[in-house]
J.: 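There's a structure below that I have some questions on.
Treat the numbers as computed from the prediction; the structure is a model and nothing was measured. Counting from 1, the numbers follow the sequence of the chain as shown.
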Amino acid sequence: MRTPLTLLAAGAFLSACALQPSTVPGTQVSRSGNALHYSGYLSADANAQAAALHDPAVKRLVIRSRGGDIDLGMELGRWVFDQGLDVEVDAYCLSSCANYVFPAGHNKILAPDSQLGWHGGATQAEMRFATAAEEQAYQAYIGPARAREADFFRHIGVEVASTTYGQRAEFAPFAECAGWRYSIEAMRHFGIGQVVLSGGRWAPADSFENRCIFVIEDVHD
């Protein structure tokens with residue numbers, strides 16, 4: 001997949017493009033009781049709607065998202081963290097949602113079949129480019145993105161390696177998968193704690209829309 005010569009596209013390369021359907025409906029944000037509901041790709045408008053609907057009575061962000069641009073994920077995640085909101089996964093939370101929004105929750109709530117999927121971040125190995133111009137655009141984007149990402153994870157107290165651990169050489173046999181998920185214990189290793197299993201267990205499918213998601217049970221240095 002080529003990265004077009006725009007900074008926006010460079011960001012999209014680090015977002016949910018691997019999990020993107022042929023059509024992308026608009027993101028829906030609403031409030032019900034003490035919860036905000038966010039359904040769809042991360043977007044600037046949706047982030048702004050969530051902030052506009054928030055007041056001190058809101059305690060949870062219920063999210064269903066394939067991800068989106070990494071800057072938008074960090075923006076939403078930092079806001080969630082600063083407001084002290086719980087994050088509840090509604091069916092799935094993938095890519096930038098898993099990278100930045102889920103770990104930022106005070107409590108992180110998972111239903112028995114809810115899916116989490118990581119597949120990379122700003123510190124992942126650099127891709128190959130068809131032209132020097134494409135590489136130049138990517139390099140102009142990636143340096144600042146890495147700095148923002150490092151600052152974000154310092155802010156929420158989670159290790160940045162959580163975004164790329166599944167790309168280690170030992171997981172090469174799973175390279176064709178859409179991504180990976182961590183066990184509760186593995187998440188805790190990166191500082192992703194206070195995970196609540198709303199049904200008392202967590203056993204999501206090992207695939208998402210016919211693409212495998214492999215499981216990382218243990219993390220080692």
Side-chain angles (χ1 to χ4, degrees), residues 1 11-20 38 41-42 61 63-78 80-81 87-105 108-111 113-127 142 145-146 148-150 152-153 156-195 197 202-221:
M1 174 179 166
F13 159 70
L14 295 168
S15 63
C17 54
L19 302 170
Q20 190 166 352
Y38 191 118
Y41 279 93
L42 304 175
L61 177 73
I63 191 164
R64 174 187 299 208
S65 179
R66 295 168 181 262
D69 181 86
I70 64 173
D71 283 333
L72 296 175
M74 287 186 273
E75 175 186 90
L76 183 60
R78 183 179 286 260
V80 163
F81 182 84
V87 171
E88 179 178 346
V89 177
D90 178 14
Y92 52 82
C93 176
L94 307 171
S95 191
S96 291
C97 180
N99 279 4
Y100 312 114
V101 184
F102 179 75
K108 303 145 187 80
I109 304 166
L110 295 170
D113 59 352
S114 57
Q115 185 66 270
L116 288 174
W118 283 260
H119 75 90
T123 59
Q124 70 186 56
E126 295 184 6
M127 65 183 293
I142 200 62
R146 286 173 175 163
R148 288 191 296 272
E149 188 180 73
F152 170 81
F153 281 113
I156 70 168
V158 170
E159 293 184 27
V160 68
S162 61
T163 67
T164 58
Y165 190 86
Q167 296 175 333
R168 289 164 60 117
E170 66 202 84
F171 302 117
F174 305 104
E176 297 304 313
C177 289
W180 66 89
R181 70 173 181 271
Y182 296 109
S183 68
I184 303 298
E185 294 74 19
M187 285 192 276
R188 191 177 297 119
H189 176 94
F190 293 114
I192 305 172
Q194 295 178 250
V195 177
L197 306 184
W202 184 45
D206 290 331
S207 65
F208 180 77
E209 296 184 348
N210 299 317
R211 294 192 63 191
C212 56
I213 292 181
F214 65 96
V215 183
I216 298 176
E217 296 284 358
D218 300 303
V219 175
H220 55 84
D221 296 328

J.: So, the side chain of Lys108 versus the backbone of Gln194: is there a donor-acceptor pair under 3.5 Å, distance only?
T.: no

J.: I need the Trp202 CH2 to Ile109 CD1 distance, nearest 0.5 Å.
T.: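 Separation between the atoms: 14.0 Å.
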
J.: Can you measure from SG (Cys97) to CG (Leu76) and round to the nearest 0.5 angstrom?
T.: 8.0 Å

J.: Does the side chain of Glu159 come within less than 4.5 Å of Phe153's, by heavy atoms?
T.: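 Counting from C-beta outward, Phe153 and Glu159 never come under 4.5 Å.
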
J.: Would you name the heavy atoms of Gln124 and Gln167 that are closest together and state the gap between them?
T.: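 Heavy atoms only, the tightest pair is CB-OE1, 3.1 Å.
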
J.: Can you find a heavy atom in the side chain of Arg168 that is under 4.5 Å from one in the side chain of His220?
T.: yes

J.: So, taking the atom named CZ in Arg181 and the one named CG in Leu116, what distance separates them when rounded to the nearest 0.5 Å?
T.: 8.5 Å

J.: To the closest 0.5 Å, what do you measure between CE (Met187) and CG (Leu110)?
T.: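 Between atom CE of Met187 and atom CG of Leu110 there are 6.0 Å.
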
J.: Might you point out which heavy atoms bring Arg66 and Phe208 nearest each other, and give the distance in Å?
T.: NH1-CE2, 3.6 Å

J.: What is the distance from atom SG of Cys177 to atom CZ of Arg211, rounded to the nearest 0.5 Å?
T.: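 Interatomic distance, Cys177 SG to Arg211 CZ, rounded to 0.5 Å: 8.0 Å.
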
J.: Restricting to non-hydrogen atoms, name the atom on Ala122 and the atom on Ile142 that form the minimum distance, rounded to 0.1 Å.
T.: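 Heavy-atom minimum between the residues: O-CD1, 3.5 Å.
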
J.: If we only count heavy atoms from C-beta on, is the Phe102 to Ile192 side-chain gap below 4.5 Å?
T.: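 In contact.
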
J.: Looking at side-chain heavy atoms only, is the closest gap between Tyr165 and His189 below 4.5 Å?
T.: no

J.: Can you give me the closest heavy-atom contact between Ser95 and Gly67, atom names plus distance?
T.: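 Minimum heavy-atom contact is CB-CA, 4.3 Å.
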
J.: At what distance, to the nearest 0.5 angstrom, does OG of Ser162 lie from CG of Asn99?
T.: 6.5 Å

J.: Is there side-chain contact between Ile156 and Pro103, with heavy atoms separated by less than 4.5 Å?
T.: yes

J.: Please report the closest heavy-atom contact between Gly77 and Ala104, naming both atoms and the distance.
T.: O-CB, 3.1 Å

J.: Go through the steps to decide whether Leu94 and Gln115 satisfy the test side-chain contact (heavy atoms from CB on, under 4.5 Å), and finish with yes or no.
T.: CA-CA 8 Å; Leu94 307 171; Gln115 185 66 270; 4.2 Å; yes

J.: Taking atom types as modelled, find out whether Glu75 and Tyr100 have a side-chain donor-acceptor pair closer than 3.5 angstrom.
T.: no

J.: In terms of the angle between their ring planes, are Phe171 and Phe174 parallel, tilted or perpendicular, with boundaries placed at 30° and 60°?
T.: tilted

J.: Can you name the nearest heavy-atom pair linking Gly68 to Ser96, along with the distance?
T.: O-OG, 2.7 Å

J.: In the structure I gave you, are the side-chain heavy atoms of Ile216 and Trp118 within less than 4.5 Å of one another anywhere?
T.: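 No; the side chains remain at least 4.5 Å from each other.
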
J.: State, yes or no, whether a side-chain contact exists between Leu42 and Asp69 at a heavy-atom distance under 4.5 Å.
T.: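 Not in contact.
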
J.: Heavy-atom distance under 4.5 Å between the side chains of Arg64 and Tyr92, does that happen here?
T.: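 Of all side-chain heavy-atom pairs linking Tyr92 with Arg64, at least one is under 4.5 Å.
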
